[in-house]
Structures are given as structure tokens and as C-alpha cells.
Amino acid sequence: QVQVAESGGNLVQAGGSLRLSCTVSEDGYAMAWFRQAPGKEREGVSCMSRIGTATYYADSVKGRFTISRDNVKRTLYLEMNSLKPEDTAMYYCAASSLFYCSDSWSSGLTSEFPSWGQGTQVTVST
């Protein structure tokens, strides 16, 4: 199974920026970011295909977050700008079993995303 490790979470003021990183032990698949706030369901944030030609974003982050990847470094990134308190959550990276992001990628099904990291906390203060 692919090993996944996130980093970059921190406490930041509203309007600020953060960049999350996710390193995997094996590259070659689509990858995605998810988040879960206390008391809320997990939400698909963004997904990128294996070679980065297709990207998808949740409506709540469009125009503020940018997903990217460096396949040589086996690393996925999430650049987060104009952060809001409602972005506060544990952010998880997941490696897919597919080369692309399916129509249901945001559901985060383990059949599509069998490998998950432990998460990195993002807290946005007012």
C-alpha cells in the first residue's frame, strides 16, 4: 500500500496563506485533498489526475486554492490563499487507485482512494 504523509498545517489569520505538502512512497496515480472539520462530514477539496492535466475543486475553495504536483519529488501540494475561518479543518491527502479523478472523487471512497495520510491541522483565526 502507498504510504502518504502530509505536512504544512498551521495556525494562520484570516486572509492569510498556507501551502500543504503531501509526499507518497509511490507515484503514478491521481491524488486528492480532503478536509474534515469537527462535527462535520469529510469534504473533498481538490483532486488532480496522474499527470496533472485535470484538476477539480470544491465550490467552496474555487479561486482561492490551487492544487499541483511534482511527480519527480512524488509530492502533491495545496496552495491555500485568502483563508477563511470556515477553512479550519484537518486536511488529509489521499492517493487514488486510478490515474484520473472519477466523477465521485469528492466522496473519498476507499475503493478509489485506498491510501490516506494521518492529516495536518489547519486553523484559521479571525
Side-chain angles (χ1 to χ4, degrees):
Q1 190 170 358
V2 176
Q3 303 301 307
V4 180
E6 309 95 335
S7 62
N10 211 331
L11 170 64
V12 62
Q13 287 189 330
S17 300
L18 277 177
R19 187 176 80 158
L20 304 183
S21 300
C22 169
T23 301
V24 294
S25 58
E26 299 176 34
D27 194 25
Y29 300 96
M31 295 178 67
W33 289 98
F34 296 84
R35 68 185 182 185
Q36 188 166 22
K40 294 187 177 181
E41 292 189 355
R42 187 176 61 197
E43 173 188 22
V45 175
S46 185
C47 187
M48 175 172 269
S49 61
R50 180 184 65 161
I51 58 175
T53 52
T55 57
Y56 305 88
Y57 296 93
D59 288 342
S60 57
V61 306
K62 279 181 182 176
R64 300 188 298 121
F65 290 11
T66 303
I67 192 171
S68 62
R69 67 190 294 167
D70 183 332
N71 288 342
V72 173
K73 295 182 178 179
R74 290 182 278 109
T75 301
L76 180 75
Y77 302 98
L78 185 68
E79 187 74 36
M80 305 186 294
N81 298 314
S82 301
L83 282 163
K84 305 175 181 179
E86 51 263 43
D87 294 318
T88 294
M90 185 70 79
Y91 283 70
Y92 298 93
C93 176
S96 176
S97 58
L98 307 173
F99 297 153
Y100 59 93
C101 306
S102 76
D103 290 343
S104 60
W105 72 266
S106 62
S107 298
L109 299 177
T110 53
S111 56
E112 182 170 354
F113 295 97
S115 303
W116 293 75
Q118 295 299 308
T120 187
Q121 178 68 39
V122 173
T123 303
V124 184
S125 64
T126 55

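Quick caveat: nothing in here was measured; it's all calculated off a predicted structure. Residues take their numbers from the sequence shown, with the count starting at 1.
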**Study point:** Under 3.5 Å: donor-acceptor pair, side chain of Ser107, backbone of Leu109
**Key:** no

Review point. Quick one: OG on Ser115 to CE on Met31, what's the gap to the nearest 0.5 Å?
Key: 9.5 Å

**Study point:** Flag if over 12 foreign heavy atoms under 6.0 Å of OH, Tyr57
**Key:** yes

**Study point:** Set of residues satisfying salt bridge (Lys or Arg N to Asp or Glu O under 4.0 Å) with respect to Arg50, sequence neighbours excluded
**Key:** none

Review point. Which ILVMFWY residues are connected to Val72, directly or by a chain of links, through side-chain heavy atoms under 4.5 Å apart?
Key: none

Check your understanding: Got a sec, which residues hit salt bridge (Lys or Arg N to Asp or Glu O under 4.0 Å) with Lys62, two or more places apart in sequence or on another chain?
Key -> Asp59

Point to revise | Residue pairs fulfilling ring-ring contact (aromatic ring centres under 6.0 Å, His included) with at least one residue in residues 74-97, sequence neighbours excluded | key: none

Check your understanding: Cut-off 3.5 Å, side chains only: do Glu43 and Ser60 have a donor facing an acceptor?
Key -> yes

Point to revise | Same apolar cluster (I L V M F W Y, side chains within < 4.5 Å links), Tyr56/Trp33 | key: no

**Study point:** Gln118 backbone acceptor or donor facing Glu6 side chain under 3.5 Å
**Key:** yes

**Study point:** Nonpolar side-chain network containing Tyr100, other nodes, edges under 4.5 Å
**Key:** Leu98

Review point. Is a side-chain N or O of Thr88 found less than 3.5 angstrom from the main chain of Val124, in a donor-acceptor match?
Key: yes

Can you give the donor-acceptor pairs under 3.5 Å from side chains of residues 17-24 to other protein atoms, not counting sequence neighbours?
from, atom 1, to, atom 2, distance (Å)
Ser17, OG, Asn81, OD1, 2.8
Thr23, OG1, Thr75, OG1, 3.4

Practice item. Decide yes or no for Ser25 and Val2: does some side-chain heavy atom of the first lie under 4.5 Å from some side-chain heavy atom of the second? Key: yes

Check your understanding: Which of parallel (below 30°), tilted (30 to 60°) and perpendicular (above 60°) describes Phe34 and Phe113?
Key -> perpendicular

